[in-house]
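Everything on this sheet refers to the single structure shown next.
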Amino acid sequence: MNGPLASQAGLELRLTMRRGESLVVTLVIPLLLLGFFSQVDVLGTSEPAIDFLTPGVIALSIIATSMVSFAISTGYDRSYGVLKLLGGSPLGRGRLILAKILAIGIIQFGQLACVVALALALGWAPDWGGTPQALVVVVVGSATFTGLGLLLAGTLRAEATLAVANLLFILFIPFGGVVYPVDRMPTLVADVAKLLPVTAFVEALRRAFAGSPAVLSAPFALLCLWGVALVVSAVRTFKWE
Amino acid sequence: MTGPAIEVHGFTKRYGSRAAVDDLSFDVAAGAVFALLGTNGAGKTTTVETLEGYRAPDAGTVRVLGLDPIAQGPELKQRMGLMLQSGGIYNGARAAEIVRLFCSFYDRAADPDELLTLVGLDDSRAVTYRRLSGGQQRRLALAVALAGTPDVVFLDEPTAGMDPKARQMTYQIVRDLRARGVTVLLTTHLLDEAEALADTVGILDKGRLVALGSPAELMASHGGIRFGAPPRLDAGTAPASLGRVVEVREGHYLADVEATPARVADLATWAAAQGILLGYVRSGSRSLEDLFLELVE
């Protein structure tokens, strides 16, 4: 348990838990959205609001960790030379990235547990048969938005990363089909919104929990395309110092 | 090991068309302390970071402990410690956490508690990096550099931001490393630091090595007569026996001849005739600072 990888992942985890502002984005906001929109009928969906909302909030909390929390901390780590020193130590860049992925995974597991627990308490009734598909979608979604986050963190100044990541996160809530169906937006907005990776992520997840084919669906294919594009761009453009 | 701990041969590094380091060569003997001196932008950090494996040379070769810093990086990193010019540590991490983290990376890890004691951060182990003073942050970075009981240590401006007490503590640590046979390469723009610590000093100017030797050698070579006087004297009126008189920097002059008792007397006579009060007269040796200012534009 004292190997370099475990030590690094452990410290990344502890540092993340210590950042209050990160907990607000990764946990408080998603749970508040879930609670509010499931209890106040602003959606007027035919299905129970909680069934519509839960996949969206799961996706949003994954995005909060991958794209917001880790992008911002990585941006600051980069500007303070942390990535440089760790990359030049025996830990190396490969294990540093692996440690971050491990820490992200553990945090997201915790987030899933919290969101699912609240959703069940509020009456969420998913098709449990879709769970394996949902997990695949979550993993691909997490990788996609980690790619986006690192694309920001690896190229922009830390302050700009913070601003852009937060702005995207806020825009994703209304325009990504998280709390409001994309279909009911004006056609032009809906057409653009449907192409966003967040919409693809939410839609694929919604299909999984509805018991429909998710991994073999157009939204999941779109999410995979985004994933490859974003991860490749992040790897190509990332500057370590 | 028999060869030098650090070998730099014909090392050149360009950024665009500008050569940051130009055909640099020097060796550092195993167990020696080498100080790389230079102004900002002289190429010190580029040189150190190439030795650390962060950059590849555009020309020439560098070896550390006989190893190629890039091709044999993993092997070298286990035996090398480094301190970046600034930062390198998580803002929100506590001092003890950082030292423990880095100790976990090495096969020959030092004891984290002993390291914290060594750098005088015993009382600050639970303090986060952002709450440490500038000097304490540098000391923590120094502890990190020593986490793997290294054979060679690179310290890029180790005492920047330290108060005199912390600086003396750092000097003592460097001397102790030397006593244990550890090779140390440090960069600094503090001349007294180089003089106090280094077996060998290299002076870099615009990417070129302009002087190399022990502090004693560098200060002894090329004597001349140095004197202090009001700025902008008309040196043309000086007696011919003083040779060429130049104002090395405002109010400081060098008569570029071998110092003899007669010439010192000539200088004093000339000054009296001109109504010039000499602030000081020094002959035969120069400080490292004199040398530095003469060599570096």
Side-chain angles (χ1 to χ4, degrees), chain A residues 1-24 26 69-100 102-103 107 153 157-159 161-162 238-241, chain B residues 45-46 48-55 64 69-70 72-109 112 126 128-130 137 140-150 154 156:
Chain A
M1 192 54 207
N2 285 322
L5 184 63
S7 305
Q8 180 64 35
L11 184 62
E12 293 270 353
L13 262 180
R14 263 176 290 151
L15 292 175
T16 307
M17 305 302 277
R18 243 176 248 166
R19 284 197 305 269
E21 72 279 13
S22 160
L23 287 178
V24 169
T26 54
S69 171
F70 269 82
I72 292 171
S73 65
T74 303
Y76 278 101
D77 292 350
R78 187 169 73 99
S79 76
Y80 291 130
V82 176
L83 301 183
K84 182 177 179 176
L85 188 62
L86 288 169
S89 79
L91 179 72
R93 291 177 177 180
R95 278 192 288 193
L96 174 56
I97 293 171
L98 224 58
K100 282 196 181 279
L102 263 177
I107 289 173
R157 280 184 307 114
E159 295 78 8
T161 299
L162 184 140
F238 197 87
K239 293 194 192 69
W240 286 79
E241 46 182 286
Chain B
T45 295
T46 298
V48 172
E49 291 191 347
T50 304
L51 290 166
E52 290 165 349
Y54 284 112
R55 308 173 200 293
V64 179
I70 292 176
Q72 292 163 300
E75 190 184 344
L76 176 57
K77 279 169 184 165
Q78 281 291 340
R79 300 172 59 193
M80 170 179 87
L82 54 102
M83 185 173 173
L84 299 177
Q85 197 175 88
S86 65
I89 294 171
Y90 290 105
N91 253 328
R94 304 189 170 110
E97 282 178 326
I98 282 298
V99 174
R100 276 202 301 272
L101 173 71
F102 275 85
C103 284
S104 79
F105 297 164
Y106 294 93
D107 300 335
R108 278 192 328 209
T128 56
Y129 183 73
R130 73 162 68 83
Q137 292 181 339
L140 183 57
L142 179 60
V144 163
L146 304 179
T149 331
F154 296 98
D156 201 350

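Small disclaimer: the values here were computed from a predicted structure and weren't measured. Side chains are part of it too, since the values below use all heavy atoms of this structure and drop only hydrogens, waters and symmetry mates. To find a chain, count down the sequence lines: A is the first, B the second, and so on, and within it residues start at 1.
Partners of A:Phe238 according to the ring-ring contact (aromatic ring centres under 6.0 Å, His included) rule, which considers only residues two or more places apart in sequence or in another chain, are A:Trp240.
For A:Leu11, the part sitting under 4.5 Å from any heavy atom of chain B is the side chain, from C-beta outward, and nothing else. Residue B:Ile98 touches chain A through its side chain alone, counting heavy-atom pairs closer than 4.5 Å. Of the atoms belonging to A:Arg19, not a single heavy atom falls under 4.5 Å from chain B. In this structure, chain A has heavy atoms under 4.5 Å from both the backbone and the side chain of B:Tyr90. Heavy-atom distances place no part of B:Asp107 under 4.5 Å from chain A, backbone and side chain included.
Considering all non-hydrogen atoms of both residues, A:Ser69 and A:Ser22 come closest at OG-OG, 3.0 Å.
Among residue pairs with one or both ends in residues 83-99 of chain A, those qualifying as side chain to side chain donor-acceptor pair (under 3.5 Å) are A:Lys84-A:Glu241, A:Lys84-B:Glu49; sequence neighbours excluded.
The closest donor-acceptor contact from the side chain of B:Glu52 to the backbone of B:Pro69 lies at 3.5 Å or more, if one exists at all. Not one N or O on the side chain of B:Gln78 forms a donor-acceptor pair closer than 3.5 Å with the backbone of A:Pro90.
Ranked by heavy-atom pairs shorter than 4.5 Å toward chain B, the options A:Gly87, A:Gly92, A:Gly81, A:Ser73 are led by A:Gly81.
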